[in-house]
2 protein chains.
Amino acid sequence: MSARTSPDSSRDIPEATVARLPIYLRALTTLSEQGTSTCSSEELAVAAGVNSAKLRKDLSYLGSYGTRGVGYDVEYLRYQIAREIGVTQDWPVVIVGIGNLGQALANYSGFRSRGFRVVALLDADPARRDEVVAGIEVQAFDNLEQIVKDHDVAIGVIATPAVAAQDVADRMVACGVTSILNFAPIVLSVPEQVDVRKVDLSIELQILAYHEQRKAATA
Amino acid sequence: MSARTSPDSSRDIPEATVARLPIYLRALTTLSEQGTSTCSSEELAVAAGVNSAKLRKDLSYLGSYGTRGVGYDVEYLRYQIAREIGVTQDWPVVIVGIGNLGQALANYSGFRSRGFRVVALLDADPARRDEVVAGIEVQAFDNLEQIVKDHDVAIGVIATPAVAAQDVADRMVACGVTSILNFAPIVLSVPEQVDVRKVDLSIELQILAYHEQRKAATA
DNA sequence: AGGAGTTTGTGAACGGGAGAACAAAACGAG
DNA sequence: CTCGTTTTGTTCTCCCGTTCACAAACTCCT
């Protein structure tokens, strides 16, 4: 076997590819758990729900980790993708807003298994204080600065109502958080160097409704 | 004022535009609540977090609902977008899997206010049976067929663990559900005419982690 | 009425991603 | 060793989406 090439480490991976890498990672983990040690791009593509040509092109941005005529070593590729995304590291995360959604997030095992460690749950409501969710005590929102500093937190999750979200984001940014996952239905304004990703439950349903309406119209 | 033109109703709106319409709708609702009766494409674009040229092009797919030199009537445009998406209708929805996430979804007020009506909460676990969440009694999953039939449900939400999700999807499809919002971390396989949208909490965090890692590397 | 100032709607250029198609590389059989 | 088979990595082409830029259209002021 020839040396596996890995491109210049300062390469830039297309955003569309970055968004798919976690899907491949999950598919590889599933394959691994099923005892599969090798897979072709076609098999992996089916498991990930994408076209095999697209999968191969995506993987080619990371390097040349397959073997022609054989396929990919599941464990090896899984590790390479995990390293590329950064989930081999430990990512301390703060969750603000411990309503139904915040609790669901705190309990979600998919975080911990991918290197994300919830270091604190914060809520502005004193009534929620001292509740224990997912084994973590709910603290006052004002502890944010201290916690971010102590644990070197770079990623914050906002699960508050819409009215509170911008304030929370401002406080997060002010104390050094540079990536925010926002579940509040509002467009956050943050400095350019801060990454924000938004998950909006009702928007997804509305997109489905649009297509559903069209189906009904043409039926 | 000249007649507002609306293009052929069998037009096809680009998918990227469809995904943004709910954002515009929300921004318009906020503007309306603030007492704004008219707005320019620039104002609305800022509120929605997009480029104004893109906003105008998106709206142009729906019709010509603005007035040059003036802008858009907030209420009028809001209604037009709502009608286009289909949220002026009533959409009965079934939620399967009433764990933390399912409860959060059942309690989410953003659904009801946009025409989505949760007609049933279903869970396979008998221990959860007869619990009342968001004023709705949790029923046996086996009631799915009856409920879909009785309420003419077209949209189903899956909030179960990954292992159960494909079975739930199959049952939904079998009894006539044609749109599925999937929160389970798995790629569902469904017939072509069924729409599936996936929301994956940990994937969003992983995308943030990737960019965070790159920031750290170049800092 | 006419001209200056605004803002929409859209044509055109541009960039990025998707998919087809194929050459290069590895393996196995004989 | 050589040939046929398999599968990757990559090139090329096409299409969708974004952005620019401007003509058309409307208002307001004189």
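- The two residues A:Ala159 and A:Leu105 have their closest heavy-atom pair at CB-CD1, 4.2 Å.
- A straight line from CG of B:Asp12 to P of D:dC15 spans 15 Å, rounded to a whole angstrom.
- Partners of A:Arg114 according to the side-chain hydrogen bond (donor to acceptor under 3.5 Å, both in side chains) rule, which considers only residues two or more places apart in sequence or in another chain, do not exist here.
- Against DNA chain D, the stretch residues 202-209 of chain B makes no heavy-atom approach under 4.0 Å.
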Quick one: side chains of residues 183-199 of chain B, donor-acceptor pairs under 3.5 Å with protein atoms, not counting sequence neighbours, listed by atom name and distance.
unit_1	atom_1	unit_2	atom_2	d
B:Arg197	NE	A:Glu204	OE1	2.5
B:Arg197	NH2	A:Glu204	OE1	3.2

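- In the region residues 187-197 of chain A, proximity to DNA chain C at under 4.0 angstrom, judged on heavy atoms, holds for none of the residues.
- B:Glu43 places a side-chain N or O within donor-acceptor distance of the main-chain N or O of B:Ser40, the cut-off being under 3.5 Å.
- Under the 3.5 Å distance criterion, the side-chain polar atoms of A:Asp123 are matched with a main-chain donor or acceptor of A:Ile98.
- Between A:Phe141 and A:Arg171, the shortest heavy-atom distance links the atoms CE2-NH1, 3.8 Å.
- Looking at B:Ser202 and B:Gln206, their side chains do bring a donor and an acceptor atom within 3.5 Å of each other.
- For A:Ala27 against A:Leu44, the heavy-atom pair with the smallest separation is CB-CD1, 3.8 Å.
- Rounded to the nearest 0.5 angstrom, B:Leu101 CG and B:Ile158 CD1 are separated by 12.0 Å.
- Contact annotation: A:Tyr72 side-chain N/O to D:dG9 OP1/OP2 distance is under 4.0 Å.
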Give me the distances for all protein-to-nucleotides 17-19 of chain C N/O pairs that come in under 3.5 Å?
unit_1	atom_1	unit_2	atom_2	d
C:dA18	OP1	A:Arg20	NH1	2.9
C:dA18	OP2	A:Arg20	NH2	2.9
C:dG19	OP2	A:Lys54	NZ	3.4
C:dG19	O6	A:Lys57	NZ	2.4

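- When all heavy atoms are compared, the tightest approach of A:Arg83 to A:Tyr65 is NH2-OH, 3.6 Å.
- Contact check for A:Arg112 versus A:Val118: no side-chain heavy atoms found under the 4.5 Å cut-off.
- A 4.5 Å side-chain heavy-atom check between B:Val168 and B:Leu122 finds every atom pair outside the cut-off.
- When the P atom of C:dT10 is taken as reference, atom CG of B:Leu59 falls 11 Å away, rounded to whole Å.
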Please lay out, stage by stage, how A:Leu21 and A:Leu25 fare under the test side chain to side chain contact (heavy atoms under 4.5 Å, CB included). CA-CA 6 Å; A:Leu21 290 180; A:Leu25 183 59; over 6 Å; no
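- Annotation: side chain to side chain contact (heavy atoms under 4.5 Å, CB included) contacts of B:Ser32 (sequence neighbours excluded): B:Val74, B:Glu75.
- A:Arg56 has its CZ atom 16 Å from the P atom of C:dA24, to the nearest Å.
- Contacts with DNA chain D (heavy atom under 4.0 Å) in residues 28-49 of chain B: none are found.
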Sub-3.5 Å pairs of nitrogen or oxygen atoms, protein against nucleotides 1-6 of chain D:
none

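- In terms of phosphate contacts, A:Thr67 brings no side-chain nitrogen or oxygen within less than 4.0 Å of OP1 or OP2 of D:dT8.
- Looking at B:Gln213, its side chain never comes within 3.5 Å of a backbone N or O of B:Ala209 through a donor-acceptor pair.
- With sequence neighbours excluded, the residues satisfying side chain to side chain contact (heavy atoms under 4.5 Å, CB included) with B:Pro14 are B:Thr17, B:Tyr61.
- Helix bend of the helix from C:dA1-D:dT30 to C:dG30-D:dC1: the angle between its two end axes, each built from five pairs, comes to 0° after rounding to 10°.
- Here the P atom of nucleotide D:dC26 and the OH atom of B:Tyr65 are 17 Å apart, to the nearest Å.
- Legend: residues meeting side chain to side chain contact (heavy atoms under 4.5 Å, CB included) with A:Glu212, ordered by chain and number and at least two apart, are A:Lys215, B:Trp91, B:Ala154, B:Thr178, B:Ser179.
- Taking A:Tyr108 as the reference, A:Phe111 meet the ring pair (Phe, Tyr, Trp, His ring centres under 6.0 Å) condition, with sequence neighbours excluded.
- The CD1-P distance, from B:Ile13 to D:dG17, rounds to 12 Å in whole Å.
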